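A quick write-up on the structure given underneath.
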Amino acid sequence: MTLKRHCQKLLTDQRCNYHMFTKNASVQKSKTPKVDEVQLLHNIGYIAPQNTGYYHYLPLGLRVLNNISKVIDKEFSIKDDFNYNIEKLELSQSSPVDLWKKTHRYPANQHEVFTYMENDKNLRLLNPTCEESITQLFKSNYMKGNSQLPKIFYQTTKKIRNEKRPRFGLVRTREFIMNDCYSFHNTPEDTSKFFKIMEKKYKSIFNKLKIPVIAAKADSGDIGGSESIEFQYQDSRGEDTLLTCKSCQTGFNIEQFNGELNENLHETVTKDLTFKLCWTADKSSLIAIYYPKGEELSINKIEEELGDSVDTETFFAEREVGNEKIVDEINSKDDLQNYLFELPIVRMIDLRINKRGDLPDWPFKVFSKYQFMNIDKVDLCKPVSGVYDCPECNSEKTIDVTRSIEVGHIFNLGDRYTNKDNLKVMNVDNASKPIYMGCYGIGVSRLLQILAMENQDSLGLNLPKVVAPYKVNFIIDNYKKDINEVLEKDPSLKVFVQEINSKQIEKDYHLDLASDIKQFDKAKVSAAVGIPINVYFNGKHTKLPHVEVEIRGDILDKDWINKLQSVVKDKDNFKVLKEHKSDNRLPLIKINYKDTYAVCDEILKMVR
């Protein structure tokens, strides 16, 4: 039975008391190494789709999201420099459209936002980002002179974007949770200094979440600013192209990469050449682009070398079909000879092609050599791995090209938002001196899917303890038995359960008292949802004073058994039942129940 079918069967057949949505999330070993992580999150009761681009975050998923936010909160509370105090707030989720007009993001981006009319007169939009809102707030309430700067604020809230084609689960949605931070500074130098601090903090956050990312130099895009860095998670299904140097580990977004094709590969290709016909954007000139077969043209490189925009319809048309269409269009002209003689033609030749290369025949018999403007020895193709030199460390052929997913982005905005039209925010003691700004964002809800991608195994999710929905799950065997009757019959058991209950919030414990599911199936659910420790009690082999402790999380300390032995008081009842993790068995020990809390605390120090 496949993993997906097994999950669906258990969802139907059984129930679990984690909450009403997780009927049962147990999984079993599958021949495929991974399943679709969005389906897995749905099956184990983390999320539920509402409509395209919208998801409900269910109790377990919400706990993980809150734990991600706690990691961010803690990192922001750490002062790398005592000049910078990062304060948490919560902005309104909507803004007057007039506010966006001042920064020219509306109507330029009106297709990306949802708007609504307030009282039939005021047009407002739901915020996809909050640069305008925070700047207005700062101007109105915090701007009192140089002594107040720098000022840094952040929030973790839902954002809304009119995503035209929601896709890839939580990665591309219309409604998403984002941590966004904004900073205000006196000087460009101070802005750059804090930008570097935030780069360090972001790396620390992703490291604590156990999410491997690459910091890539990036284009600032619509948000603007003088510099930006993206934090990219490598995945073949990602929409971004990431270039990474194997030597210095520097990352580059495709738009910002300025490395050159290795010199030994210049003018080496003589055969298997092809060409692409397209128009300039205004259809005034014909462009013929020659390049080796097997390469893929880069519209950005071509427009940069051309100094003009390219007509995207003809550029992205399938090569043979597009070429034929343009040739037929030109040949249909009434006065073909005069039209061809007057038509400006740009011939672009990729630098991989040798001057003696066998170029394809020109498709028109009537032409003049004076019509052609030649642009040759220029790189016109998209980068591929192993052929480009690193612009950072100058290592040869060390650039790897992969697909990736953006999980964070930081911007040095300069005065992009603080010095626009009527939204000028100036220091009161020097009216000619603008305030400078930075903004910084992490896709929190997107990280939930990334965690599922990064931490799957045959049992379900094996989450890092810092984000797991609970640290320890206490699972009693009371199948088809009323819990109150069970506890009344055993005073020691009742005291133990009451102790666990009192520690649930402080210790992040979960107490599973469900009577309509067997203890074994409760254990499978717990493993599937990513709780790192299970404690079994009141079963056939776990009557008090004995309990069994199962370790779901990855143990990082090879000496874990000796360390656990050192913290238990009842050493005679300490027994290792299973030492190593296998496909369907987890490390398991038996201890005296009075040692449970000390043992769990010690295990949490040693698991990932």
Side-chain angles (χ1 to χ4, degrees), residues 37-38 53 55 65 68-69 71-72 75 109 112 127-131 154-182 195 198-245 249-257 300 382-383 399-413 438-455:
E37 63 280 350
V38 179
Y55 286 87
L65 289 170
I68 295 170
S69 295
V71 171
I72 298 171
E75 182 62 38
N109 297 304
E112 294 182 1
N127 290 326
T129 61
C130 294
E131 286 77 11
Y154 80 99
Q155 62 176 351
T156 302
T157 58
K158 277 193 175 181
K159 307 292 190 298
I160 307 290
R161 177 181 288 117
N162 188 12
E163 182 66 51
K164 294 301 181 185
R165 193 168 64 89
R167 56 202 179 276
F168 200 4
L170 303 178
V171 171
R172 186 70 70 179
T173 57
R174 293 194 174 107
E175 184 179 74
F176 53 95
I177 301 171
M178 182 179 178
N179 172 274
D180 45 322
C181 180
Y182 307 92
F195 181 86
M198 287 299 280
E199 179 184 0
K200 180 181 176 183
K201 284 189 175 296
Y202 270 42
K203 289 178 180 178
S204 176
I205 288 166
F206 292 120
N207 182 57
K208 290 173 181 176
L209 295 173
K210 310 301 181 188
I211 296 176
V213 298
I214 294 174
K217 297 181 179 180
D219 181 70
S220 295
D222 170 66
I223 289 179
S226 58
E227 60 180 329
S228 77
I229 293 175
E230 291 175 348
F231 297 85
Q232 295 279 354
Y233 173 80
Q234 290 179 291
D235 187 270
S236 59
R237 297 166 295 172
E239 294 184 334
D240 293 342
T241 301
L242 175 68
L243 298 95
T244 313
C245 176
Q249 309 306 315
T250 303
F252 307 87
N253 177 289
I254 186 67
E255 286 84 6
Q256 284 294 99
F257 180 68
N300 293 332
K382 291 182 177 179
I399 296 297
D400 269 343
V401 182
T402 56
R403 305 298 291 177
S404 61
I405 300 168
E406 181 187 325
V407 293
H409 205 155
I410 62 176
F411 300 84
N412 183 341
L413 297 173
C439 72
Y440 322 86
I442 294 176
V444 174
S445 52
R446 184 175 288 193
L447 290 182
L448 183 60
Q449 181 170 338
I450 301 298
L451 284 167
M453 295 165 68
E454 186 67 19
N455 297 286

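Because the structure is a prediction, the values reported are computed rather than measured.
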More than 12 heavy atoms of other groups within 6.0 Å of Arg237 CZ: yes
Within the side chain of [X], is there an N or O that forms a donor-acceptor pair under 3.5 Å with the backbone of [Y]?
X	Y	value
Arg446	Glu406	yes
Arg403	Leu242	no
Thr173	Gly169	no

Do any side-chain atoms of residues 206-218 form donor-acceptor pairs under 3.5 angstrom with protein atoms, and if so which ones, sequence neighbours left out?
unit_1, atom_1, unit_2, atom_2, d
Lys208, NZ, Glu75, OE1, 2.7
Lys217, NZ, Glu392, OE1, 2.7

With Ser404, the side chain to side chain contact (heavy atoms under 4.5 Å, CB included) member among Glu230, Glu239, Gln232: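 Exactly one pass, corresponding to Gln232.
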Are any non-hydrogen side-chain atoms of [X] and [Y] less than 4.5 angstrom apart?
X	Y	value
Cys130	Gln155	yes
Ser445	Glu175	no
Thr129	Asp180	no
Phe231	Ile442	no
Arg174	Asn162	yes
Ser69	Asn179	no
Val38	Tyr55	yes

Taking atom [atom1] of [X] and atom [atom2] of [Y], what is their separation to the nearest 0.5 Å?
X	Y	atom1	atom2	result
Ile254	Asn300	CD1	CG	8.0 Å
Lys200	Lys203	NZ	NZ	10.5 Å
Glu37	Gln449	CD	CD	4.5 Å
Leu65	Leu447	CG	CG	9.0 Å
Leu413	Glu131	CG	CD	6.5 Å
Phe252	Ile399	CZ	CD1	5.5 Å

For [X] against [Y], the heavy-atom pair lying closest together:
X	Y	answer
Ile72	Val444	CD1-CG2, 4.1 Å
Gly408	Tyr202	CA-CE2, 4.5 Å
Phe176	Pro128	CZ-O, 4.0 Å
Met453	Phe168	CE-CZ, 4.3 Å
Gly441	Met178	CA-CE, 3.7 Å

Under 3.5 Å side-chain donor-acceptor pair for Tyr233 and Asp235: no
Candidate pair Ile68 and Leu451, rule side-chain contact (heavy atoms from CB on, under 4.5 Å), full reasoning: CA-CA 10 Å; Ile68 295 170; Leu451 284 167; 3.8 Å; yes
